[in-house]
Protein chains: 2
Amino acid sequence: MKRPTAKLISGRQKFRKGNVYDVNCPSRAVLEHVTSRWGSLVLLVLLEGTQRFSELVRGIGGVSEKMLAQSLKALEADGLVARRVYPTVPPKVEYSLTKMGSEVAVHLRTLTDWVEDSISEVMRNRSRVEANKSAKPQPMQA
Amino acid sequence: MKRPTAKLISGRQKFRKGNVYDVNCPSRAVLEHVTSRWGSLVLLVLLEGTQRFSELVRGIGGVSEKMLAQSLKALEADGLVARRVYPTVPPKVEYSLTKMGSEVAVHLRTLTDWVEDSISEVMRNRSRVEANKSAKPQPMQA
DNA sequence: CGGTATCCAGCGCGATACTG
DNA sequence: CAGTATCGCGCTGGATACCG
């Protein structure tokens, strides 16, 4: 289950249900799978081709096997990733994108490309902000 | 227009620095801001126009004020969101997308649109998977 | 190799209260 | 209205150990 525990803040939304702005909409859940920390990177790496589990671990800096397995399961359940097991003596499992998976992954790649292209401008912004912070030590008092 | 040069990732690991596969790359951090649970929704909502804080709270189902403020601060620091304060007696603060922010938001919207369009197919997959699960009860306990 | 199960530290995030 | 500060619970997710 997702979040039956949380007290919902949602009440009057001017946005219609059935889209990502609605907490309970399934689209929101899928969006979160796709944009999740590891889910997004998995899709991006698989865009380069079929990969084995250990290749994914090495390809994605910083993932633990646990989180990778977890992300793969979610994406597989969503029908975005295909899992193929070879019944060989040393187990071999390959992951690849499904048709649907390729579609999202392409959109994700576009987004990522934008980020990588814009990173210098973003970083320039960040330094400027931090400079202001230290330059203005809170003139809060009267 | 996006990537004139090859940021080619040809299957072999030894993940090159400078792209999102590198844990320490700044691009990764920005990507995470943009794709984060609330960050992404903030950008999407702001794509519809300038909004006040409380409007954002109401527009995004399930967000707490704390997380919203936090997300807005991160996005502002990245230079994706502009914050405008009106020195009126009842405080009034408006948030809007910067030029950069609009660019990401558009990519994000593309991704979201895909999800909303494909949600039925995804859900069909999920039910199929769950059906298989209950059909093959694993020996968890006795 | 490719998982899965368990433990547990950390912090994400919600609730509440206070400021301007 | 638009935050900020503080507290604390619970889930996230890393480390470890163990099966097929």
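Chain letters run A, B, ... following the sequence lines, proteins first and then strands; every chain starts at 1.
Rounding to whole angstrom units, CG of residue A/Leu72 and P of C/dG3 are separated by 8 Å. D/dT12 atom P lies 11 Å from atom CD of A/Glu32, rounded to whole Å. Counting to the nearest Å, the P atom of D/dG3 and the CD atom of B/Gln51 are 14 Å from each other. Taking atom NZ of residue B/Lys73 and atom P of nucleotide C/dC13, one finds them 15 Å apart after rounding to whole Å. Distance, A/Phe53 CZ to D/dG20 P: 18 Å, rounded to whole Å. Remark: P of D/dG3 and CD of B/Glu55 are 13 Å apart, rounded to the nearest angstrom. The separation between A/Leu68 atom CG and C/dC1 atom P is 15 Å, rounded to whole Å.
Nucleic acid contact class of A/Glu65 (heavy atoms, under 4.0 Å, all strands): base. When heavy atoms are screened at a 4.0 angstrom cut-off, A/Pro91 is found touching base atoms of the nucleic acid. B/Tyr86 comes within 4.0 angstrom of nothing in the nucleic acid, heavy atoms only.
No donor-acceptor distance shorter than 3.5 angstrom exists from the side chain of B/Ser27 to the backbone of A/Glu116, with no hydrogens or angles considered.
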Criterion side-chain contact (heavy atoms from CB on, under 4.5 Å) on A/Thr35 and A/Leu111, from CA distance to verdict: CA-CA 11 Å; A/Thr35 61; A/Leu111 185 66; over 6 Å; no
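When each of A/Met67 and B/Lys66 is assigned the nucleotide of DNA chain D with its nearest heavy atom, B/Lys66 is the one assigned upstream, toward the 5' end. Nucleotides of DNA chain C nearest to A/Val93 and B/Gln70 differ in position, and the one nearer the 5' end is that of A/Val93.
Minimum interatomic distance between B/Leu97 and B/Ser102 (heavy atoms only, all atoms of both residues): CB-OG, 3.7 Å.
For the pair A/Ser54 and C/dG2, the criterion of a side-chain N or O lying under 4.0 Å from OP1 or OP2 is met. At the phosphate of D/dG3, OP1 or OP2 sits under 4.0 Å from a side-chain N or O atom of B/Tyr95. At C/dG2, one or more side-chain N or O atoms of A/Arg52 fall inside 4.0 Å of OP1 or OP2 (strictly under the cut-off). A close approach under 4.0 Å does not occur between any side-chain nitrogen or oxygen of A/Arg37 and OP1 or OP2 of D/dT12.
Residue B/Glu94 holds its CD atom at 8.0 Å from CD of B/Glu55, rounded to the nearest 0.5 Å. To the nearest 0.5 angstrom, B/Leu68 atom CG is 4.5 Å from B/Leu72 atom CG.
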